[in-house]
Amino acid sequence: MSELNKQAANGGSSLFPTYARYPIALVKGEGSWLWDDQGNKYLDFMCGIAVTNLGHAPKPVKDALVKQLDELWHVSNLFHIPNQEAAAKLLTDNSHADAVFFCSTGAEANEAAIKLARRYQQKVKGNGRYEILTFAQSFHGRTLATLTATGQEKVKEGFLPLPEGFRYIPLHDVEALEAAITDKTAAVMIETIQAEGGVLPVDPAYLQHLAKLCKERGVLLIFDEIQTGMGRTGKLFSFEHYGIEPDIFTLAKGLGSGFPVGAMLAKGELAEAFSAGSHGSTFGGTPIATAAVKATIETMLSEDAAGRAAETGEYLVSELRAKLAGNPFVHDIRGQGLLVGIACAGPVAPVVAEGQKRGLLVITAGPDVVRLLPNLLVSREEVDQAVSILASIFADLTAAAQLT
């Protein structure tokens, strides 16, 4: 056990115990690989939970950050920031959005989306709408508003009273959706794949119906692309798979290749709702953060990272299905691009723990799903290695009756 983990185990850590940490202290990363402080090497199929989408320490992003560190770190959004303008233009040039608000996290981006939706309805449209509809098993963040928007009770325990103005709909229940939208509804917020909720893709026909319904009833449509965006599903943004243009969408995680940054994007007609002084973020869109964003997007486009994720994702799923066929513990393999879930008959924590012992890092998506999130440039050889390790783990643990 590393010295850092010994300190934590002995109660010597000065950190709040908010994370159930694995007994590993990672100190170096390159491409698809990580090393711990004991010199052990790991194939990373977590990517910091869909953050290092270009792999660890991608050279173009590193070079941009080093250059920016030599020039300017922070000023204030009271001044024009050239990197911020350039990063925003890259985002709008490659989407249907017209305006970008930069912040520091995904939760902040979703907060901004909620605030924009309400303010647009109330200040621009003048209709007083305020309710935000979300879905059972969704996940939208850990701030008070975004955990209230989340359709999972476990994240809300002990944080009462929660903010008003949020209601939840069973996913894929068309009648419940139509009944839930009222003259109080400002927006509907949805993930195209409920990544934290079990890697559950939303049915395309349901998304199409939702988009049509929102347009007909004057309700804003918000897509939470925190985990599905930035090439992860095989398109730069997951809504591109469905021919839908949400009024608002949010990004974070893979947006800065590991540098903390988030963004909320919207159609042009919503921009007037966020007039000067209506919203802000001290660290939103700093010169350093937007240098990372600019280099990340440019690299994703030049490397066709999204296209590669689509192709490699198909290969990963096909290999998993072939190698895990017949295993009684495996119920389903699902997802899109390089956001893949292995749904199982019971708890998968032993799979994660055994993977670490064998040099593979994966994560859960709820108690019964193994989630795979390799970087978008991962090689087929690395995919083969990961699938081989997983197949051996499932076979060994099933044979030992630890998973039955």
Side-chain angles (χ1 to χ4, degrees), residues 16-24 42-51 106-107 134-142 146-159 168-172 190-202 224 226-228 232 253 316-317 320-321 323-336 338-358 360-374 386-387 389-404:
F16 271 102
T18 51
Y19 301 102
R21 299 181 191 269
Y22 301 127
I24 298 171
Y42 304 88
L43 179 55
D44 183 12
F45 267 50
M46 286 177 59
C47 280
I49 315 183
V51 170
T134 63
F135 294 85
Q137 290 304 113
S138 62
F139 184 87
H140 298 294
R142 297 279 190 173
T146 57
L147 73 82
T148 305
T150 294
Q152 301 184 47
E153 290 304 310
K154 65 182 181 181
V155 305
K156 304 172 187 180
E157 184 180 357
F159 296 116
Y168 315 101
I169 311 165
L171 189 60
H172 296 138
I190 193 168
E191 306 156 281
T192 60
I193 301 174
Q194 293 187 334
E196 300 294 332
V199 191
L200 297 169
V202 180
D224 178 342
I226 305 301
Q227 193 157 155
T228 55
R232 175 59 55 183
K253 289 191 179 290
L316 171 59
V317 168
L320 286 170
R321 286 176 175 160
K323 298 297 192 298
L324 298 178
N327 188 295
F329 189 68
V330 177
H331 280 186
D332 190 19
I333 297 168
R334 60 193 183 222
Q336 194 173 45
L338 287 172
L339 170 51
V340 176
I342 306 172
C344 298
V348 295
V351 178
V352 175
E354 192 61 29
Q356 293 170 3
K357 293 176 184 177
R358 303 188 193 193
L360 175 67
L361 302 181
V362 296
I363 190 172
T364 62
D368 302 336
V369 178
V370 177
R371 186 175 12 160
L372 308 180
L373 297 161
V387 172
I389 293 171
L390 284 167
S392 67
I393 291 171
F394 275 103
D396 291 349
L397 293 179
T398 301
Q402 295 184 35
L403 293 179
T404 57

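Not a single donor-acceptor pair under 3.5 Å links the side chain of Arg142 to the backbone N or O of Leu147. Side chain of Arg334 to main chain of Leu200: no donor-acceptor pair is present (N/O by atom type, distance under 3.5 Å, no hydrogens or angles). When atom types are taken as modelled, the side chain of Arg371 and the backbone of Gly341 share no donor-acceptor pair closer than 3.5 angstrom. Panel note: side chain Lys156, backbone Thr150; a donor-acceptor pair is recorded below 3.5 Å. Although no hydrogens or angles enter the test, the distance criterion places a donor-acceptor pair under 3.5 Å between the side chain of Thr134 and the main chain of Ala149.
The shortest side-chain heavy-atom distance between Phe329 and Val348 falls under the 4.5 Å cut-off. Between Phe45 and Leu390 the shortest side-chain heavy-atom distance does not fall below 4.5 Å. Looking at Val352 and Ile363, their side chains never come closer than 4.5 Å, going by heavy atoms from C-beta outward. A heavy-atom distance below 4.5 Å is not found between the side chains of Glu191 and Val202. Put simply, the side chain of Leu320 does not reach to within 4.5 Å of the side chain of Val330, judged on heavy atoms. For the pair Val199 and Val340, the minimum side-chain heavy-atom distance is 4.5 Å or more.
The heavy-atom pair separating Cys47 from Pro374 by the smallest distance is SG-C, 3.5 Å. In this structure, Gly151 and Ser138 approach most closely via the heavy-atom pair N-OG, 2.9 Å. Looking at every heavy atom in both residues, Gly141 comes nearest to Ala107 through CA-CB, 4.2 Å. In plain terms, the two heavy atoms of Pro170 and Ala136 that are nearest each other are CA-CB, 4.4 Å.
Counting only residues at least two apart or on different chains, the side-chain hydrogen bond (donor to acceptor under 3.5 Å, both in side chains) pairs with a member in residues 341-355 are Glu354-Arg358.
Taking Gln137 as the reference, Gln152, Gln194 meet the side-chain contact (heavy atoms from CB on, under 4.5 Å) condition, with sequence neighbours excluded.
Rounding to the nearest 0.5 Å gives a distance of 8.5 Å between SG of Cys344 and CG of Leu324.
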